[in-house]
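What follows is a single structure, written as structure tokens, with notes after it.
Values below: all heavy atoms of this structure, side chains included; hydrogens, waters and symmetry mates excluded.
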Amino acid sequence: MIAVEHAPGGSSAMHRHNAHAFVYVLEGSLVMQLKGGQEVTLTPGQSFYEGPSDVHVVDRNASATQPAKFLVLLIKDKGAPALVPAQ
């Protein structure tokens, strides 16, 4: 499990996890989108799932003024990286 914080206006580059990834929003709001899927905005208490073959194309803080904090539970092979850049 990892804790992540996006600064106001912050985001992550396109990536994949090669794992089952469960995102749970603690504070703020996040915009998430998987390749081929719809963009969704999540608020505290909401969750998001990424499968092992999903490519995460959008992962950003929805706010330009407030941070966003969330937990990510990864179910992956032992020793495998938590995040892999994707194209």
Side-chain angles (χ1 to χ4, degrees):
M1 183 178 289
I2 57 174
V4 181
E5 181 173 343
H6 283 330
S11 64
S12 293
M14 188 166 52
H15 64 275
R16 61 184 297 137
H17 295 286
N18 296 340
H20 295 277
F22 301 88
V23 174
Y24 182 80
V25 181
L26 298 170
E27 295 179 25
S29 57
L30 298 168
V31 179
M32 302 284 194
Q33 182 181 8
L34 299 177
K35 189 173 189 175
Q38 296 287 330
E39 192 174 273
V40 297
T41 300
L42 305 169
T43 57
Q46 292 185 308
S47 60
F48 185 79
Y49 170 75
E50 298 174 54
S53 62
D54 288 329
V55 175
H56 203 160
V57 295
V58 176
D59 172 4
R60 74 173 183 268
N61 187 338
S63 174
T65 59
Q66 299 295 317
K69 296 179 183 179
F70 55 102
L71 295 176
V72 182
L73 172 66
L74 296 169
I75 300 173
K76 62 181 186 65
D77 291 335
K78 186 174 182 175
L83 185 121
V84 179
Q87 295 184 21

Check: R16 main-chain N/O paired with H56 side-chain donor or acceptor under 3.5 Å: no

When you compare the side chain of P52 with that of H20, does any pair of heavy atoms fall below 4.5 Å? yes

Nearest 0.5 Å please: distance from the CG atom of L26 over to the CD atom of Q46. 12.5 Å

Give every residue pair that meets the salt bridge (charged side-chain N to carboxylate O under 4.0 Å, His left out) criterion with at least one member in residues 71-87, sequence neighbours excluded. none

Does any part of the side chain of F48, heavy atoms only, come nearer than 4.5 Å to the side chain of V25, both counted from C-beta? no

Minimum side-chain heavy-atom gap H15-D59 below 4.5 Å: yes

For T65, enumerate each residue passing the side-chain hydrogen bond (donor to acceptor under 3.5 Å, both in side chains) test, keeping only those at least two apart in sequence or located in another chain. S63

Hey, any chance L30 and V57 share a hydrophobic cluster, counting ILVMFWY side chains that come within less than 4.5 Å of each other, even indirectly? no

Linking I/L/V/M/F/W/Y whenever any side-chain heavy atoms sit under 4.5 Å apart, do M32 and Y49 land together? no

With R60 via salt bridge (charged side-chain N to carboxylate O under 4.0 Å, His left out) - residues at least two apart: E39

Kindly determine whether S12 and H6 satisfy side-chain contact (heavy atoms from CB on, under 4.5 Å), including the steps that lead there. CA-CA 8 Å; S12 293; H6 283 330; 3.2 Å; yes

Indicate, with yes or no, if L42 and Y24 share a hydrophobic cluster defined by side-chain heavy-atom contacts under 4.5 Å among Ile, Leu, Val, Met, Phe, Trp and Tyr. no

So, does N61 use its side chain to make a donor-acceptor pair with the main chain of G10 at under 3.5 Å? no

How long is the straight-line distance from CE of M1 back to CD1 of I75, given to the nearest 0.5 Å? 9.5 Å

Do you reckon V40 sits in the same ILVMFWY cluster as V31, going by side-chain contacts under 4.5 Å, direct or chained? no

Any idea which heavy atoms bring P8 and P67 closest together, and the distance? CG-N, 3.9 Å

Any chain of hydrophobic side-chain contacts (each under 4.5 Å) joining L74 to F70? yes

